[in-house]
Amino acid sequence: MAFEFQRFIRGKLRNYLCWAALLLLPWVVRQSPDPLGISIIVFGAALRAYASGFLDKEGRLTIAGPFAFVRNPLYLGTLLMVCGVAESQDAWVALSLAFVIGLSLLYLVSIAEEKVLAKKFPNTFPSYHREVPRFFPRLTKFVSYTELKHSAETRAQQFSRALFLKNRGYEALATGAGLVVLLFVMNALMTHVRMAVR
């Protein structure tokens with residue numbers, strides 16, 4: 001039952017929420033996106049794209065790059081993009097809801113994933129889990145990084161273009177750019193509609 005619930009959260013529910021957020025945009029967009037909101041969206045997209053170049057989904061535990069500072073940099077990037085959209089419109093209620101709902105769902109997904117990682121990497125994941133925060137990054141690499149990077153269970157190396165392409169990191173960049181463009185277009189359309197109604 002728990003597995004089905006997790007699969008629903010990671011699959012269909014996530015898709016439903018994305019579509020719901022897009023459908024709600026006309027009610028959220030009230031202005032041209034501000035520079036801070038755009039910066040947050042771009043940073044979130046860049047973080048997801050960069051992290052994808054380190055993530056080895058089928059092999060070893062990834063502890064390099066942004067994974068040395070936060071356990072879920074891809075999820076953090078997604079959360080930043082959502083919050084950037086809300087902030088760009090000074091939509092503080094939407095920002096609060098997006099943050100709470102997004103963080104809650106990502107927390108549930110990450111808990112399930114951590115159980116799998118703990119079984120798959122029994123010698124390295126406990127230390128990594130203990131020293132690296134789930135969503136809010138530490139400012140320095142974790143203490144056991146030097147020791148764990150030599151383990152056969154871990155992947156500690158430079159950014160990999162092959163992994164970036166395999167994990168479709170370019171989609172994060174396209175999504176970030178698309179969100180910014182969509183906000184400008186949506187603002188122009190809604191401004192036109194509001195003027196027509198008057």
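Hydrophobic clustering (side-chain heavy atoms under 4.5 Å, transitive across Ile, Leu, Val, Met, Phe, Trp, Tyr) groups Leu173 together with Phe159. Under the 4.5 Å side-chain heavy-atom criterion for Ile, Leu, Val, Met, Phe, Trp and Tyr, Val143 and Val70 are members of distinct hydrophobic clusters. Hydrophobic clustering of Ile, Leu, Val, Met, Phe, Trp and Tyr side chains at less than 4.5 Å, counting indirect connections, unites Leu79 with Ile111. Hydrophobic clustering (side-chain heavy atoms under 4.5 Å, transitive across Ile, Leu, Val, Met, Phe, Trp, Tyr) keeps Leu165 apart from Leu163. No continuous path of ILVMFWY side-chain contacts below 4.5 Å connects Tyr75 to Leu55, so the two sit in separate hydrophobic clusters.
Under a cut-off of 6.0 angstrom, the local environment of OH in Tyr107 is sparse, with at most 12 non-hydrogen atoms contributed by other residues, nucleotides or ligands. A 6.0 Å sphere centred on CZ of Phe69 holds more than 12 heavy atoms belonging to other residues, nucleotides or ligands. Within a 6.0 Å radius of NZ in Lys115, no more than 12 heavy atoms belonging to other residues, nucleotides or ligands are found. Counting heavy-atom neighbours within 6.0 Å of Arg168 CZ, excluding the residue itself, gives a total of 12 or less.
Shown here for Ser151 and Thr154, the closest heavy-atom pair between the two residues is O-OG1, 3.2 Å. Closest heavy-atom contact between Tyr145 and Ile63: CE1-O, 3.3 Å. When all heavy atoms are compared, the tightest approach of Pro122 to Lys119 is CD-O, 3.6 Å. Considering all non-hydrogen atoms of both residues, Gly176 and Ala45 come closest at CA-CB, 3.8 Å. Nearest heavy atom pair, residue Pro73 against residue Pro66, reads CB-CB, 3.8 Å. Heavy atoms only, all atoms of each residue included: Met81 and Ile41 are closest at CG-O, 3.4 Å.
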Run the side-chain contact (heavy atoms from CB on, under 4.5 Å) check on Arg134 and His129 step by step: do they pass?
CA-CA 8 Å; Arg134 180 176 283 119; His129 180 272; 4.1 Å; yes
**Request:** May I have the step-by-step check of side-chain contact (heavy atoms from CB on, under 4.5 Å) for Phe142 and Arg130, ending in yes or no?
**Result:** CA-CA 10 Å; Phe142 63 103; Arg130 184 172 54 251; over 6 Å; no
- Query: After noting the C-alpha distance and the side-chain angles of Glu153 and Tyr128, does the key distance pass the side chain to side chain donor-acceptor pair (under 3.5 Å) rule?
  - Reply: CA-CA 12 Å; Glu153 287 186 354; Tyr128 178 72; over 6 Å; no
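Counting only heavy atoms from C-beta outward, the side chains of Val185 and Leu189 approach each other to under 4.5 Å. Within the 4.5 Å cutoff, the side chain of Phe135 has heavy atoms near those of the Ser110 side chain. Side-chain contact between Leu183 and Met186 is absent, with no heavy atoms from C-beta onward closer than 4.5 Å.
Phe67 contributes atom CZ, which lies 5.0 Å from atom CG of Leu74 (distance to the nearest 0.5 angstrom). A distance of 5.5 Å separates CG in Asp56 from OG1 in Thr62, rounded to the nearest 0.5 Å. Distance check: Cys83 SG to Leu103 CG gives 9.0 Å after rounding to the nearest 0.5 Å. Atom CD of Glu131 sits about 7.0 Å away from atom CG of Leu148, to the nearest 0.5 Å. Distance CG/Asn72 to CD/Glu113: 6.5 Å, rounded to 0.5 Å.
No donor-acceptor pair closer than 3.5 Å links the side chain of Arg138 to the backbone N or O of Val132. Judged purely by atom type and a 3.5 angstrom limit, Ser127 has no side-chain atom pairing as donor or acceptor with the backbone of Thr124. Gln31 contributes a side-chain N or O that, together with a main-chain N or O of Ser88, makes up a donor-acceptor pair within less than 3.5 Å.
When each of Asp34, Val82, Leu80 is tested with Glu87 by the rule side-chain contact (heavy atoms from CB on, under 4.5 Å), just one qualifies, namely Asp34.
Below 30°, between 30° and 60°, or above 60°: for Tyr170 and Phe164 the angle between ring planes is above 60°, a perpendicular geometry. A perpendicular orientation is assigned to the rings of Phe54 and Tyr50, their planes being inclined by more than 60° (bins at 30° and 60°).
Side-chain contact check for Arg48 and Thr78: at least one donor-acceptor pair (N or O, by modelled atom type) lies under 3.5 Å.
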